[in-house]
**Student:** 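Here's a structure for you.
Just the heavy atoms: all of them, side chains too, but no hydrogens, waters or symmetry mates, feed the values below. Order of the sequence lines sets the chain letters (A, B, ...), proteins ahead of strands, with each chain counted from 1.
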2 protein chains.
Amino acid sequence: MDIRSFLAHTFLFHSFTDKETDLLTASTSLKKVSKGEQIFSEGLEATAFFIVVSGKVKIYKLSPDGKEYTLHIHGPGEPVAEAAIFDSMTYPASCTALEDATLVRISREGFLDLIKKYPELSLKIMSGYSKRLRQFVAKIEELTVKDMKSRLARYLLENSVVENGKTVCHLTHSKKELSSLLGTIPETFSRTLAFFKQQKLVTENDNTIVIPDPKKLKLFSD
Amino acid sequence: MDIRSFLAHTFLFHSFTDKETDLLTASTSLKKVSKGEQIFSEGLEATAFFIVVSGKVKIYKLSPDGKEYTLHIHGPGEPVAEAAIFDSMTYPASCTALEDATLVRISREGFLDLIKKYPELSLKIMSGYSKRLRQFVAKIEELTVKDMKSRLARYLLENSVVENGKTVCHLTHSKKELSSLLGTIPETFSRTLAFFKQQKLVTENDNTIVIPDPKKLKLFSD
DNA sequence: GAATGTCCTTGACGTAAGTCAAGAGGCGTG
DNA sequence: CACGCCTCTTGACTTACGTCAAGGACATTC
């Protein structure tokens, strides 16, 4: 596994020069985790941040009564907890592996030394940073649209691709995970998808949703 | 109005040296807006960001059917749209003045020139940046806790202060604004507050909520 | 092959909260 | 003062969605 070339292709560092990437790589290590394993916990000192190489991890918070709220699911290429590195000290949420996963660990200390030494990196990183902010804005927008039909329709359309002239959405998460991502529970998710099927707005086989008429489905995504 | 000393006290720049603050001030100007006036609109080129000096502005997005969703209300001292500056180009949301307001305008160009020239500023700014991220996380957490009693109880407790041995919460926004901030409508807000009053958990006069027993109210904030 | 477990689906039910509608109180303007 | 306008409140109604419960499909293990 070549950490260096992997980092060069992440959106956070893709504009780094070769030399810059080399220097960054020096502060990294590989971390392999098994399904369900804790990667970091809310409140602990943030000694490093991560980028997912393979597998999936979820960022979540626990409410006082122990319920779990998924904030994000991160897959390959996505940085995790980089925000905590510039911060005073601690992770703002917890993270576990949804499946066996490999991550690049980037040490806080090495990272901070690097951008102190090569300040031009900051702008490149800031730009990546602000992209993350946009994601949060989108997430908030998503949650504020409270109707499940809207949220699901929007999700399907945003994650669809055209294949052989057909608009399809490959479900890359389990439906249970998807439910959590969309801010609901499996039952409601299932019912909403069933509604779309019954209305002939979508058909499903083998975890792929076919959308015969995207414009029709779009009517629900308001 | 002394922009320079104002900037020196904002959380984004408070760790700047005097000289740094002077340089920053050179790229700024004052902007006065009347209630309801547009400050910037979603999608437009981001030529500047702002810091609120006085008054209040709201950041919002419009859904396709024209409904307005408040993302934030920013008061004195808070930066607005700084995220857009590092970004490709455009404002991710719109902003209007909730009341007559004064803002410091910081030009994109001048700002970027400055941190290129004095790169050590980046770290200081990044730290401020990540604080904003935390706010978004908190907002998401807030929205994901879907019960209004919880959200209102939490809001009251988080914004309460102890005065003369009493725990009180001064409502600094109108109840209509508060509703939007808490992700609901005035009717529901009113009913929920009425419920708390009826349960003797709070009393209200003159836009100040008195919380006789915070622990009791806290039971609702889960 | 029976048993156990997980994921997904479907049904019945309850409830929080949005919609619609009406009215009270405050405030500024003609 | 009367009138319109806005904020806030309250009531009646409706609905989306979460909870509880049951059952089917499928894989894994003994």
Side-chain angles (χ1 to χ4, degrees), chain A residues 35-36 56 58 63 65-70 73 98-100 142-155 171-199 202-209 220-222, chain B residues 34-36 56 58 63 65-70 73 96 98-100 142-155 171-199 202-209 220-222:
Chain A
K35 176 176 177 175
K56 271 182 264 179
K58 81 173 160 191
S63 64
D65 63 349
K67 271 186 194 163
E68 196 176 286
Y69 296 109
T70 300
I73 292 178
L98 272 177
E99 48 192 61
D100 292 356
E142 184 98 12
L143 287 171
T144 313
V145 177
K146 63 313 98 154
D147 184 271
M148 258 315 294
K149 291 192 186 94
S150 310
R151 298 219 290 277
L152 180 55
R154 183 179 300 200
Y155 178 88
L171 302 183
T172 53
H173 306 295
S174 78
K175 294 185 177 172
K176 198 179 163 192
E177 288 169 28
L178 259 181
S179 311
S180 185
L181 253 187
L182 291 173
T184 188
I185 56 173
E187 291 96 318
T188 299
F189 176 89
S190 182
R191 276 188 261 264
T192 309
L193 189 57
F195 170 81
F196 283 158
K197 284 178 195 166
Q198 185 246 314
Q199 297 279 313
V202 304
T203 58
E204 173 184 17
N205 48 19
D206 200 23
N207 266 340
T208 295
I209 305 290
F220 283 89
S221 68
D222 57 351
Chain B
S34 308
K35 176 177 176 174
K56 269 182 268 181
K58 80 172 159 191
S63 64
D65 63 349
K67 271 187 195 162
E68 196 176 287
Y69 296 108
T70 301
I73 293 178
T96 64
L98 272 178
E99 49 192 61
D100 292 357
E142 186 97 13
L143 287 170
T144 314
V145 178
K146 65 309 100 160
D147 185 271
M148 260 314 294
K149 291 192 187 97
S150 309
R151 299 219 290 276
L152 180 55
R154 185 180 298 200
Y155 178 87
L171 303 182
T172 51
H173 308 294
S174 78
K175 294 184 179 175
K176 198 180 165 195
E177 290 169 26
L178 259 180
S179 312
S180 185
L181 254 187
L182 291 172
T184 188
I185 56 175
E187 291 96 317
T188 300
F189 176 89
S190 182
R191 276 188 260 266
T192 309
L193 189 57
F195 170 81
F196 283 157
K197 284 178 194 165
Q198 186 245 314
Q199 298 279 312
V202 304
T203 57
E204 174 184 18
N205 47 18
D206 200 24
N207 266 340
T208 295
I209 305 291
F220 283 89
S221 69
D222 57 352

**Student:** Among A:Lys175, A:Gln198, A:Met148, find the residue that satisfies the side chain to side chain contact (heavy atoms under 4.5 Å, CB included) test when tested with A:Leu193.
**Tutor:**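 The residue from A:Lys175, A:Gln198, A:Met148 that satisfies side chain to side chain contact (heavy atoms under 4.5 Å, CB included) with A:Leu193 turns out to be A:Lys175.
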**Student:** Rounded to the nearest 0.5 Å, how far does CD of A:Glu204 lie from CD1 of A:Ile209?
**Tutor:**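 Between A:Ile209 CD1 and A:Glu204 CD, I get 4.0 Å after rounding to 0.5 Å.
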**Student:** Please encode protein proximity along nucleotides 8-14 of chain D as a string of B, S and -, counting only heavy-atom distances under 4.0 Å.
**Tutor:** SSBBB--
**Student:** Starting at atom CG of A:Asp147, determine the distance to atom P of D:dT15, rounded to an integer number of angstrom.
**Tutor:**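 Distance, rounded to whole Å: 13 Å.
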**Student:** Could you check if a side-chain atom of B:Lys58 sits within less than 4.5 angstrom of a side-chain atom of B:Glu177, using non-hydrogen atoms only?
**Tutor:**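 Sidechains of B:Glu177 and B:Lys58: no contact.
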**Student:** So A:Thr184 and A:Ser179, do their side chains get closer than 4.5 Å, heavy atoms only?
**Tutor:**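 Side-chain contact under 4.5 Å: yes.
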**Student:** Quick check: does any side chain N or O of B:Ser150 sit under 3.5 Å from a backbone N or O of B:Phe220, one acting as donor and the other as acceptor?
**Tutor:**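 Answer holds: yes.
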**Student:** Which residues satisfy the ring-ring contact (aromatic ring centres under 6.0 Å, His included) test with A:Phe189, sequence neighbours excluded?
**Tutor:**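 With neighbours one apart ignored, the set is empty.
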**Student:** Pick base, sugar-phosphate or nothing for B:Thr184, based on heavy-atom distances below 4.0 Å to the nucleic acid.
**Tutor:**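 Sugar-phosphate only.
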**Student:** From CG of A:Leu171 over to P of C:dC7, roughly how many Å is that when rounded to an integer?
**Tutor:**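 Roughly 16 Å, once rounded to whole Å.
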**Student:** Between A:Lys56 and A:His173, is there a side-chain heavy-atom distance shorter than 4.5 Å?
**Tutor:**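 Contact flag for A:His173/A:Lys56 side chains = yes.
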**Student:** Could you run down the sub-3.5 Å N/O contacts of the protein with nucleotides 24-27 of chain D?
**Tutor:**
none

**Student:** Write down the distance between CG (A:Leu178) and P (C:dC7), rounded to a whole number of angstrom.
**Tutor:**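 In whole Å, C:dC7 P lies 14 Å from A:Leu178 CG.
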**Student:** So which atom in A:Lys149 and which in A:Phe195 form the shortest heavy-atom distance, rounded to 0.1 Å?
**Tutor:**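 Scanning both residues, the minimum pair turns out to be CE-CE2, 3.3 Å.
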